[in-house]
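See below for the structure under consideration.
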Number of protein chains: 2
Amino acid sequence: MLAFSVVTKRLLSFTNLGQGVNVSAVTSPLVWEHVQPPAARRLLTGAIDAFAERGFQATTTRDIASRAGMSPAALYVHYPSKERLLFEISLYGHQAALEILTKADSGAAPADRLRAMVSAFTAWHAEHHTIARVVQYELAALSPEHFAEVATIRRAISAMIEQVLADGVADGSFAVDDLHGTTLAVLSLSIDVARWYSPSRQDPAELGALYADLALRMVQA
Amino acid sequence: MLAFSVVTKRLLSFTNLGQGVNVSAVTSPLVWEHVQPPAARRLLTGAIDAFAERGFQATTTRDIASRAGMSPAALYVHYPSKERLLFEISLYGHQAALEILTKADSGAAPADRLRAMVSAFTAWHAEHHTIARVVQYELAALSPEHFAEVATIRRAISAMIEQVLADGVADGSFAVDDLHGTTLAVLSLSIDVARWYSPSRQDPAELGALYADLALRMVQA
DNA sequence: GTCTATACCTCGATAGAC
DNA sequence: GTCTATCGAGGTATAGAC
């Protein structure tokens, strides 16, 4: 499992979203040790912060290189293009999100499974909201081939939520009219966290507990 | 009240998000009749479609002008900058969303009010998902001054949801532990619709009814 | 593997004719 | 109010020295 540890200082909320000043986002390089050499890792973590702050299109290769303490040209020794950098971030992020969900899906009763899954998925989007922002909001910038690769993982993620809801309906613990629509709603709750979350706002674990509770109330019989 | 009627053909979902091919988004000009002259209106609706499809940063003034059937230079007769175009769209969109919510907030019991508000707010994000995407996801591209102006409206929107939840807690019809957190969750449900909605997927009114039901289950005592 | 220098392109916005 | 033509800036990516 990839353990991401992203620390940012932002002041985002529903009302001041995306206009945080003095943004000093620093993605911890320690947890990306599998990305070698260190220069490639510095570029990757710098790109995560830049993409999360400004979006892919507004981020320049000069900005990414500068965050990594390099000249613009040095980037191309490690990555063939800016899009490739986005793809690697997006792929790692999707894999990590799926693995978080899979690990949480271990209980016996559907209610326990759903609680654990929503809690973990929500907390991940809060704790790693910089990566999550790239994962959820920069898909359109991927090449069609790279998009197809992450789309497979996205289908697996939504299938996991739909399955636990279906199991709950089958054993009578859940009452869900529109299975597909409710699946999307449960996913929305967690995913939208990436849009507004700021570390100063709430503890990821607490938020996960709250959202798991809300999701259960949404579906319980 | 501004009545937006946006018709787009897209194939977006949680899994194929942002990679729709053959996107032929056409924002109906009829409902923008207050934007004069017609050339300015064509530019505005073209910009809505372009910003919703590609994002503000990836959209060129040449693209906007071309959608309006003009040369790049003609844009600057009607708008002083690309950012100003975004601001006008964002401002209209926020005003429309707030007005939708205000109109819906007319019932007596908090449960009736919440149902109507979530239903209308959700249906608006589906029906007008192109504008909603610009409203919800392009805030960071606004100038600080223009952002401050729309932020006022955003605060009013979240305050309306928080108020109906507080009223429900006060009269015992709702049971809400974390008022602010639950307000954000209810808002998230509707707002995230703008990210994944496609007209082929579901009727806006049906989606609104489903989400109103889910929101009520989240908060009812 | 990093640098400086730069090629080549496209961008937002402007000038000036009609 | 629209056009053609273009400016100046800044973008991605490359060349070649070290």
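Numbered from 1 within each chain, the chains take letters A, B, ... in sequence-line order. The basis for the numbers below is simple: all heavy atoms, side chains too, and nothing from hydrogens, waters or symmetry mates.
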Salt bridge (Lys or Arg N to Asp or Glu O under 4.0 Å) involving A:Asp63 - partner list, sequence neighbours excluded: A:Arg54, A:Arg67
Would you jot down, in residue-number order, the residues of residues 78-91 of chain B having a non-hydrogen atom under 4.0 Å from DNA chain D? B:His78
5'-most contact on DNA chain D: A:Thr60 or B:Val77, nearest heavy atom basis? B:Val77
Just the rounded figure in Å: distance from C1' of C:dT2 to CD1 of A:Ile64. 18 Å
Let me know the distance between CZ of B:Phe56 and C1' of C:dG12, rounded to the nearest Å. 10 Å
How close or far is atom C1' of D:dG1 from atom CE of B:Met70, stated in whole angstroms? 9 Å
A:Tyr76 side chain near D:dA13 phosphate (N/O to OP1/OP2, under 4.0 Å): yes
OG on A:Ser190 to CD1 on A:Ile100, rounded to 0.5 Å: 11.5 Å
For A:Tyr137 and B:Tyr137, take the angle between the two ring planes, folded into 0 to 90°, and tell me which bin it lands in: parallel under 30, tilted 30 to 60, perpendicular over 60. tilted
From A:Ile48 atom CD1 to A:Leu43 atom CG, the distance as rounded to the nearest 0.5 Å: 11.5 Å
Side-chain N or O of A:Thr61 closer than 4.0 Å to phosphate OP1/OP2 of D:dT12: yes
Just to be sure I understand the rule, does B:Ala74 reach a base, reach only the sugar-phosphate, or reach nothing, if contact means heavy atoms closer than 4.0 Å? sugar-phosphate
How many whole angstroms separate atom CG of A:Leu75 from atom P of D:dG11? 14 Å
Report the C-alpha distance between A:Glu99 and A:Lys103 in whole Å, list the side-chain angles of each, state the deciding distance to 0.1 Å, and finish with yes or no for salt bridge (charged side-chain N to carboxylate O under 4.0 Å, His left out). CA-CA 6 Å; A:Glu99 193 150 344; A:Lys103 271 193 173 174; 5.3 Å; no
Does the gap between the ring centers of B:Tyr211 and B:His125 come in under 6.0 Å? no
Specify the separation, in whole Å, of atom CD of A:Gln57 and atom P of D:dG10. 19 Å
Taking 4.0 Å as the cut-off, does a side-chain nitrogen or oxygen of B:Arg62 come that near to OP1 or OP2 on C:dT10? no
